[in-house]
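This is the structure, below, for whatever I ask next.
Since we're looking at a predicted model, the values are computed, not measured. A, B, ... follow the sequence lines: proteins, then strands. Residue 1 opens every chain.
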Amino acid sequence: MTNQEIVSILNFIATALEFQGENPFKIKAYQKAARSIEALTTDVASLVERGELRQIEGIGEAIEKKITELVKTGRLEYYEKLKASIPEGLFELLKIPHLGPKKLKILHEKLGITTLGELEYACHENRLLELPGFGKKTQQAILEGIQFVKSTWDQFRLGEALPAALELKKLLKDQAPVTQISLTGGIRRWKEVIKDIDLIASSSEPEKVLEIFIQLPQISQILSREPGRCVARLANGIPIDLNLVSEEIYPYFLFYSTGSKDFLKAVQDLVSKKGLILNDRGLFKEGRKLTCQSEEEVFWHLGLPYIPPELRENTGELVAAGEGRLPSLIEEKDIRGLLHVHTHWSDGTASIKEMAKAAQEYGYEYIGISDHSKAAFYAHGLDEERLLKQWEEIDRVNRGLQGIRILKGIEVDILADGTLDLEEALLAQLDFVIASIHSRFKMNRNEMTQRILKAMENPYVTILGHPTGRLILSREPYQVDMEALLEGARKNGVAMELNAHPHRLDLHWLHLKMAMEKGVKISINPDAHQVEGLRDMVYGIGTARRGWVPKEAVLNTLPWEEFKKKLKNTR
DNA sequence: GCCGTTTTCGGCCCGACTGTTTTCAGTCG
């Protein structure tokens with residue numbers, strides 16, 4: 001029983017109790033216990049073993065007993081009974097925006113709804129209008145929510161897919177007779193959302209590789225199998241498409257399967273102008289095959305330098321490559337410091353020291369602490385008094401740690417009128433300020449743009465945090481004039497954040513490209529709420545590369561000595 | 001259901017917004 005499995009069972013219990021109309025604080029207790037376990041770095045099973053479960057915040061007598069039963073027997077009677085009392089899949093409907101447990105309960109009891117399709121039908125029949133607490137607008141909102149869920153249900157965030165994909169790739173490399181193996185398709189291009197994991201390998205014993213593949217514990221269902229190919233589904237629902245090819249075909253297949261469609265289409269135009277034929281089996285000239293050992297050689301035959309997968313979207317990379325002006329893209333090792341890190345002073349789970357030590361272990365030179373400001377109540381945002389106290393702790397930890405510098409920062413809320421949530425006199429004393437929006441998302445485009453522009457004019461703002469507020473596959477970005485924001489950022493010397501959290505990846509890569517054209521600086525930030533969150537930087541780097549971002553355009557690639565000067569000299 | 005006591009019961013981060021009501025419930029962040 002993994003920690004994650006325990007977390008999802010506790011969360012299910014919380015949702016089920018909420019659905020049944022239980023005491024809200026009991027529900028919160030389960031949610032809190034789940035959050036605590038999620039933040040753990042140790043195995044729950046070992047804590048059970050040592051009888052140390054109760055030491056975790058939010059776990060008392062009752063939940064301790066339940067977790068112990070889960071760990072020791074692999075099941076939990078209380079959970080199974082609860083689960084049996086609720087129709088299978090009903091809670092999937094909670095993914096619909098504006099539909100919570102209370103309304104779902106009414107829909108289920110009064111209309112007998114258990115599936116998305118039934119709910120959609122009921123909306124079309126206007127049957128929600130007669131229910132208590134429902135009206136025309138609610139029904140319309142639910143209908144729109146259903147469309148949204150339908151459009152995203154078979155899509156997955158890169159943050160879920162990539163770790164699973166890398167693990168499978170490693171297992172096959174170690175255990176199966178493959179010579180070359182690579183991720184391909186959208187995941188190789190670091191697309192923020194993908195429909196499946198594409199994996200290719202070369203082998204002289206393809207059927208043996210497939211046999212090993214289908215036996216892997218991560219594979220929960222075989223969707224199709226044919227010679228040299230298997231499509232399966234992982235336990236977390238993500239489809240995986242494994243193709244086995246010969247050594248000879250591998251480079252062409254890799255090139256072709258990486259895509260994107262638009263890129264390949266543009267490549268075909270180029271190929272036919274040169275009198276060549278290219279497909280996933282080879283590159284041909286006058287019926288003769290041009291031998292390529294690698295993808296680089298395929299590009300060479302096309303008269304082009306290697307184009308990194310992240311750029312293959314047909315947004316000008318072919319022309320740029322032809323003219324020898326592809327950007328030199330940022331790499332993971334270029335990042336020297338981390339900004340935008342939360343601690344338990346607001347809604348993070350780790351201490352300042354824990355975050356700093358982890359950052360040091362990863363090789364960073366500086367880390368900027370930026371907890372929420374007071375307007376973010378739900379996150380225990382800092383008021384003036386607590387902020388001052390936090391500075392004392394930062395000073396103390398800084399004195400005790402060698403080799404990493406901890407900076408004083410804040411993620412200050414941009415209020416509805418564009419002013420910031422803390423006094424300027426206080427902001428002036430910070431090393432850096434990230435200004436972000438966490439409320440009033442539904443302003444119209446003009447109002448929202450003015451609000452953010454005003455915030456950026458504040459002389460103490462260093463970075464605009466998650467500039468569009470999108471949550472991938474769950475919340476649309478707020479309406480904003482990005483051209484105007486980038487212009488404002490340039491004028492005021494404010495860096496735009498590329499929030500690396502896999503739920504955000506905000507700025508969008510197309511906006512990053514716009515920022516590069518305008519000469520706006522970027523700060524790639526982890527927005528970490530726990531130690532593991534620091535690792536999310538890889539998603540930021542991948543997205544930055546998609547946006548044509550070179551090292552030079554990124555604020556936190558500066559080594560400490562230079563970064564320090566920048567902080568003093570920006571204004 | 002957890003926690004912290006003025007130790008065995010009362011409080012538990014809460015405000016904005018929306019749509020439904022006609023004073024509030026549900027949802028969201």
Between N or O atoms, less than 3.5 Å apart, protein on one side and nucleotides 9-14 of chain B on the other: list the pairs.
from	atom 1	to	atom 2	distance (Å)
B/dC13	O2	A/Tyr378	O	3.4
B/dC13	O2	A/His380	NE2	3.4
B/dC13	N3	A/Tyr378	O	3.4

Open item on the list: Side chain of A/Pro101 only, heavy atoms from C-beta on: which candidate in B/dT27, B/dA16, B/dG1 is closest?
Closed with: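 Among B/dT27, B/dA16, B/dG1, the one nearest the side chain of A/Pro101 is B/dT27.
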
Open item on the list: With the threshold set at under 4.0 Å for non-hydrogen atoms, list the residues of residues 119-137 of chain A touching DNA chain B in residue-number order.
Closed with: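 Hits under 4.0 Å, by residue number: A/Gly133, A/Phe134, A/Gly135, A/Lys136, A/Lys137.
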
Task: Step-by-step side chain to side chain donor-acceptor pair (under 3.5 Å) determination, A/Asn444 to A/Gln479 - done: CA-CA 6 Å; A/Asn444 71 42; A/Gln479 296 300 308; over 6 Å; no

Task: A/Tyr79: ring-ring contact (aromatic ring centres under 6.0 Å, His included) partners, not counting sequence neighbours - done: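 Expected list: A/Phe12.
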
- [ ] May I have all residue pairs that pass ring-ring contact (aromatic ring centres under 6.0 Å, His included) and include part of residues 469-495 of chain A, sequence neighbours excluded?
- [x]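 Output for this query is empty, none listed.
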
TODO: Could you check how far CD of A/Gln31 sits from P of B/dT27, rounded to whole Å?
DONE: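 It works out to 13 Å between those atoms.
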
TODO: May I ask you to list the residues of residues 71-98 of chain A, by number, that have any heavy atom positioned under 4.0 Å from an atom of DNA chain B?
DONE: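 Those residues whose heavy atoms fall under 4.0 Å from DNA chain B, taken from residues 71-98 of chain A in numerical order, are A/Pro97, A/His98.
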
TODO: Any salt bridge (charged side-chain N to carboxylate O under 4.0 Å, His left out) involving residues 500-510 of chain A? Give me the pairs, sequence neighbours left out, ordered by first then second residue.
DONE: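 Non-adjacent pairs meeting salt bridge (charged side-chain N to carboxylate O under 4.0 Å, His left out): A/Arg504-A/Asp527.
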
Task: For B/dT27, the Watson-Crick or wobble partner whose two distances fall under 3.5 Å - done: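 The answer is B/dA16, by the H-bond criterion.
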
Task: Atom C1', compared across B/dT21 and B/dG26: separation rounded to whole Å - done: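 These two C1' atoms come out 13 Å apart once rounded.
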
- [ ] Look at all strands and tell whether A/Lys66 reaches a base, only sugar-phosphate, or nothing, counting heavy atoms closer than 4.0 Å.
- [x]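 Contact class for A/Lys66: sugar-phosphate only.
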
Open item on the list: Under 4.0 Å from OP1 or OP2 of B/dT20: is there any side-chain N or O of A/Thr138 that close?
Closed with: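 Yes.
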
- [ ] List in chain and number order the residues that pass salt bridge (charged side-chain N to carboxylate O under 4.0 Å, His left out) with A/Arg396, two or more places apart in sequence or in another chain; answer none if no residue qualifies.
- [x]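 In terms of salt bridge (charged side-chain N to carboxylate O under 4.0 Å, His left out), with neighbours along the sequence ignored, A/Arg396 is linked to no residue.
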
TODO: For A/Lys72, enumerate each residue passing the salt bridge (charged side-chain N to carboxylate O under 4.0 Å, His left out) test, keeping only those at least two apart in sequence or located in another chain.
DONE: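 Once residues adjacent in sequence are excluded, A/Lys72 has no partner under the salt bridge (charged side-chain N to carboxylate O under 4.0 Å, His left out) criterion.
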
Task: Residue pairs, two or more places apart or on separate chains, that pass salt bridge (charged side-chain N to carboxylate O under 4.0 Å, His left out) and touch residues 418-429 of chain A - done: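 Found A/Lys374-A/Asp421.
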
- [ ] Check the distance between B/dG26's P and A/Lys105's NZ and give it to me in whole angstrom.
- [x]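 Atom-to-atom, A/Lys105 to B/dG26, this comes out as 11 Å.
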
Could you pull out all donor-acceptor pairs under 3.5 Å where a side-chain atom in residues 86-99 of chain A meets a protein atom, sequence neighbours excluded?
from	atom 1	to	atom 2	distance (Å)
A/Glu92	OE1	A/Lys95	NZ	2.9

Task: For atom CE of A/Met443 and atom P of B/dA16, their distance in whole Å - done: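 Rounded to whole Å, this separation is 14 Å.
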
TODO: Output the single nucleotide from B/dG29, B/dG26, B/dC2 whose closest atom is nearest the side chain of A/Ala62.
DONE: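 Closest of the options to the side chain of A/Ala62: B/dC2.
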
- [ ] Consider the side chain of A/Lys102, meaning its heavy atoms from C-beta on, and name the nucleotide among B/dT27, B/dC17, B/dG1 that approaches it most closely.
- [x]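 Of all the options, the side chain of A/Lys102 is nearest to B/dT27.
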
TODO: Round to a whole Å and report the spacing from CD of A/Gln20 to P of B/dG1.
DONE: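 Nearest whole value for this atom pair: 12 Å.
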
Task: Length of the line joining A/Phe441:CZ and B/dG15:C1', which is rounded to integer Å - done: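 Computing the A/Phe441:CZ to B/dG15:C1' distance gives 13 Å.
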
TODO: Grab the CD-P distance between A/Gln140 and B/dT18 for me, whole Å please.
DONE: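 Spelled out: CD on A/Gln140 to P on B/dT18 is 16 Å.
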
Task: Spacing of the C1' atoms in B/dA25 and B/dT20 (rounded, Å) - done: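 These two C1' atoms come out 8 Å apart once rounded.
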
Task: Aromatic ring proximity A/His342/A/His344, centre distance under 6.0 Å - done: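 They do not qualify: ring centres at least 6.0 Å apart.
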
TODO: Report yes if a side-chain nitrogen or oxygen of A/Arg440 is closer than 4.0 Å to either non-bridging phosphate oxygen (OP1 or OP2) of B/dA16; otherwise report no.
DONE: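 No.
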
- [ ] Using a strict cut-off of less than 4.0 Å between a Lys/Arg side-chain nitrogen and an Asp/Glu carboxylate oxygen, indicate whether A/Lys518 and A/Glu487 qualify as a salt bridge.
- [x]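 Judged by the 4.0 Å cut-off on N to carboxylate O distance, A/Lys518 and A/Glu487 do form a salt bridge.
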
TODO: With sequence neighbours excluded, give me every ring-ring contact (aromatic ring centres under 6.0 Å, His included) pair touching residues 416-448 of chain A.
DONE: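 Sorted result for residues 416-448 of chain A: A/His372-A/His438, A/His438-A/His466.
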
Task: Anti or syn - B/dT18, cut at 90° from 0 - done: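 B/dT18: anti.
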
Task: Candidate nucleotides B/dC17, B/dG1, B/dT27, ranked by approach to the side chain of A/Lys103 - the nearest - done: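 The listed nucleotide nearest to A/Lys103's side chain is B/dT27.
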
- [ ] For A/Glu476 and B/dC28, give me the distance from atom CD to atom C1', rounded to whole Å.
- [x]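 It works out to 16 Å between those atoms.
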
Task: Pairs meeting criterion salt bridge (charged side-chain N to carboxylate O under 4.0 Å, His left out) with involvement of residues 116-138 of chain A, two or more places apart - done: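 Sorted pair list: A/Glu120-A/Lys150.
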
TODO: Find the distance A/His466:NE2 to B/dG29:C1' and express it as a whole number of Å.
DONE: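 My rounded result for the distance is 11 Å.
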
Open item on the list: Regarding A/Ile59, tell me which of base, sugar-phosphate or nothing describes its non-hydrogen contacts under 4.0 Å with the strands shown.
Closed with: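 Since only primed, P, OP1 and OP2 atoms lie under 4.0 Å of A/Ile59, the category is sugar-phosphate.
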
Open item on the list: Checking side-chain polar atoms at under 3.5 Å, does A/Ser351 have a donor or acceptor matched by the opposite partner on A/Glu354?
Closed with: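 Yes, A/Glu354 and A/Ser351 have a side-chain donor paired with an acceptor closer than 3.5 Å.
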
